[in-house]
S.K.: 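First the structure, which I've put down as structure tokens, then a few questions once you've had a look.
Basis for what follows: all heavy atoms, side chains included, without hydrogens, waters or symmetry-related copies. Atoms within each ligand, like the ligands themselves, are counted from 1 in listed order. Quick note: residue numbers are just sequence positions, from 1.
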Amino acid sequence: MTWTDQANAVNGGNCYNCHQISPEEISYGTIGPSLYNYGKVRGVTDPYDPKSAAIVQYTWGKIWNPKAYNACSNMPRGGHNGVITEAQVRDIMALLLDPKSPVNK
Ligand code: HEC
């Protein structure tokens, strides 16, 4: 769901149109905050550690339905509206929270 995608491609979350995420992608929008080092700055060293549960839960909820946290959010409700699948949200969670992800290097 970004300008370089083919019309018949599988939906993505459109995330880079609003967020910086991985440093490999140099084309990104700035409507949303940068998500570079997302897990690192929040101190997530192991997403399965119960100490990280609150941030893991928040991140899932935010991606699934951002308006549940902020009714006036400009972020689309990707999961809630069926634009992205649960499996895609799982992959995004790993990208944002795994210490080995390029996002947290
Ligand atoms: C149309 C723009 C837009 C798109 C597309 C978008 N976001 Fe957002 N996002 C925002 C804005 C604006 C905020 C900050 C305001 C808010 O919290 O709602 C935000 C906040 C967030 C936050 C919370 C950041 C924090 O520090 O609390 C996360 C995580 C996030 N976005 C992830 C994503 C992911 C992953 C995608 C793709 C599936 C995505 N966003 C797509 C605009 C967008």
S.K.: So for ligand 1, is Arg42 a polar contact partner (N or O within less than 3.5 Å, distance only)?
M.R.: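 Yes; at least one N/O pair falls below 3.5 Å.
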S.K.: Suppose I only count heavy atoms of Asn70 and a 4.0 Å limit; which atoms of ligand 1 are within that range?
M.R.: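 Going through ligand 1 atom by atom, the ones under 4.0 Å from Asn70 are 16 (C), 18 (O).
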S.K.: Near Pro76, which atoms of ligand 1 are under 4.0 Å from a heavy atom of that residue?
M.R.: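 That gives atoms 1 (C), 3 (C), 4 (C), 5 (C), 6 (C) of ligand 1.
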S.K.: For atom 12 (C) of ligand 1, what is the nearest protein heavy atom, given as residue, atom name and distance?
M.R.: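 The protein heavy atom lying closest is Ile31 O, 3.5 Å.
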S.K.: Name the option, out of Gln88, Met75, Met93, that contains the heavy atom nearest to atom 42 (C) of ligand 1.
M.R.: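 Ranked by closest heavy atom to atom 42 (C) of ligand 1, first place is Met75.
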S.K.: Give the atom numbers and elements of ligand 1 that come within less than 4.0 Å of a heavy atom of Cys15.
M.R.: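 Listed by number with element: 34 (C), 35 (C), 36 (C), 37 (C), 38 (C), 39 (C), 41 (C).
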S.K.: More than 12 foreign heavy atoms under 6.0 Å from CD of Glu24: is that the case here?
M.R.: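 Atom CD in Glu24 is packed in, count exceeds 12.
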S.K.: By atom name, which N, O or S atom of His19 is the nearest to atom 8 (Fe) of ligand 1?
M.R.: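 Answer by atom name: NE2.
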S.K.: What part of Asn17, side chain, backbone, both or neither, has a heavy atom within less than 4.0 angstrom of ligand 1?
M.R.: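 No part of Asn17 comes within reach of ligand 1.
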S.K.: A side-chain contact here means heavy atoms from C-beta on lying under 4.5 Å apart; do Thr30 and His19 qualify?
M.R.: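 When only atoms from C-beta onward are counted, His19 and Thr30 do not touch, as no gap falls below 4.5 Å.
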S.K.: Using atom types as modelled and distance alone, determine if a side-chain donor or acceptor of Ser22 lies under 3.5 Å from a backbone N or O of Glu25.
M.R.: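 Not a single qualifying donor-acceptor pair exists.
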S.K.: Could you check whether any side-chain heavy atom of Leu96 comes within less than 4.5 Å of a side-chain heavy atom of Ile63, counting everything from C-beta outward?
M.R.: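 Leu96 vs Ile63: side chains touch.
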S.K.: Identify whether Val41 and Ile21 are in the same connected component of the hydrophobic contact network (ILVMFWY, side-chain heavy atoms under 4.5 Å).
M.R.: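 No; tracing contacts between hydrophobic side chains, which count when under 4.5 Å, never links both residues.
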S.K.: Work out which heavy atom in Thr45 is nearest to a heavy atom in Pro99; give both atom names and the distance.
M.R.: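 For Thr45 versus Pro99, the nearest heavy atoms are O-CG, 3.1 Å.
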S.K.: Quick one: do Leu95 and Tyr28 end up in the same hydrophobic cluster if we chain Ile, Leu, Val, Met, Phe, Trp and Tyr together by side-chain heavy atoms under 4.5 Å apart?
M.R.: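 Same cluster: Leu95 reaches Tyr28 through Ile, Leu, Val, Met, Phe, Trp or Tyr contacts under 4.5 Å.
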S.K.: With only distance considered, is Tyr58 within less than 3.5 Å of ligand 1 through an N or O on each side?
M.R.: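 Tyr58 vs ligand 1: N/O contact under 3.5 Å present.
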S.K.: Run the numbers for me: atoms of ligand 1, each under 4.0 Å from some heavy atom of Ile92, listed by number.
M.R.: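 In order of numbering, the contacting atoms are 35 (C), 38 (C).
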S.K.: Going by distance alone, is a donor N or O of one side chain under 3.5 Å from an acceptor N or O of the other, for Tyr38 and Thr59?
M.R.: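 Yes, side-chain donor-acceptor contact under 3.5 Å.
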S.K.: I want to check something: taking the side chain as every heavy atom from C-beta on, are Tyr16 and Ser27 in contact at a cut-off of under 4.5 Å?
M.R.: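 No, every pair of side-chain atoms sits at 4.5 Å or beyond.
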S.K.: Are any of the N/O atoms in Ser73 less than 3.5 Å from those in ligand 1?
M.R.: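 Between Ser73 and ligand 1, an N or O pair is found under 3.5 Å apart.
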S.K.: Below 4.0 Å, non-hydrogen atoms only: which portion of Tyr38 touches ligand 1? Side chain, backbone, both or neither.
M.R.: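 The answer is the side chain.
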S.K.: For ligand 1, which atoms have a heavy atom of Asn74 less than 4.0 angstrom away?
M.R.: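 Those of ligand 1 that fall under 4.0 Å from Asn74 are 1 (C), 2 (C).
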S.K.: What is the nearest protein non-hydrogen atom to atom 3 (C) of ligand 1, stated with its residue, atom name and distance?
M.R.: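 Ranking protein heavy atoms by distance from atom 3 (C) of ligand 1, first comes Cys18 SG, 2.6 Å.
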S.K.: Is the backbone of Ile26 close enough, under 3.5 Å, to the side chain of Gln20 for a donor and an acceptor to pair up by distance?
M.R.: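 No; zero donor-acceptor contacts below 3.5 Å.
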S.K.: With a cut-off of 4.0 Å, which atoms of ligand 1 are near a heavy atom of Gly32?
M.R.: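 Per the distance check, 10 (C), 11 (C), 12 (C).
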S.K.: Hey, looking at atom 28 (C) of ligand 1, which of Lys67, Lys62, Arg77 has the closest heavy atom?
M.R.: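 The option holding the nearest heavy atom is Lys62.
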S.K.: Does Trp60 belong to the same Ile/Leu/Val/Met/Phe/Trp/Tyr cluster as Val56, with side-chain heavy atoms less than 4.5 Å apart forming each link?
M.R.: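 Yes; Val56 is reachable from Trp60 via cluster members.
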S.K.: With a 4.0 Å cut-off on heavy atoms, is Pro33 in contact with ligand 1?
M.R.: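 It does, in that a heavy atom of Pro33 comes within the 4.0 Å cut-off of ligand 1.
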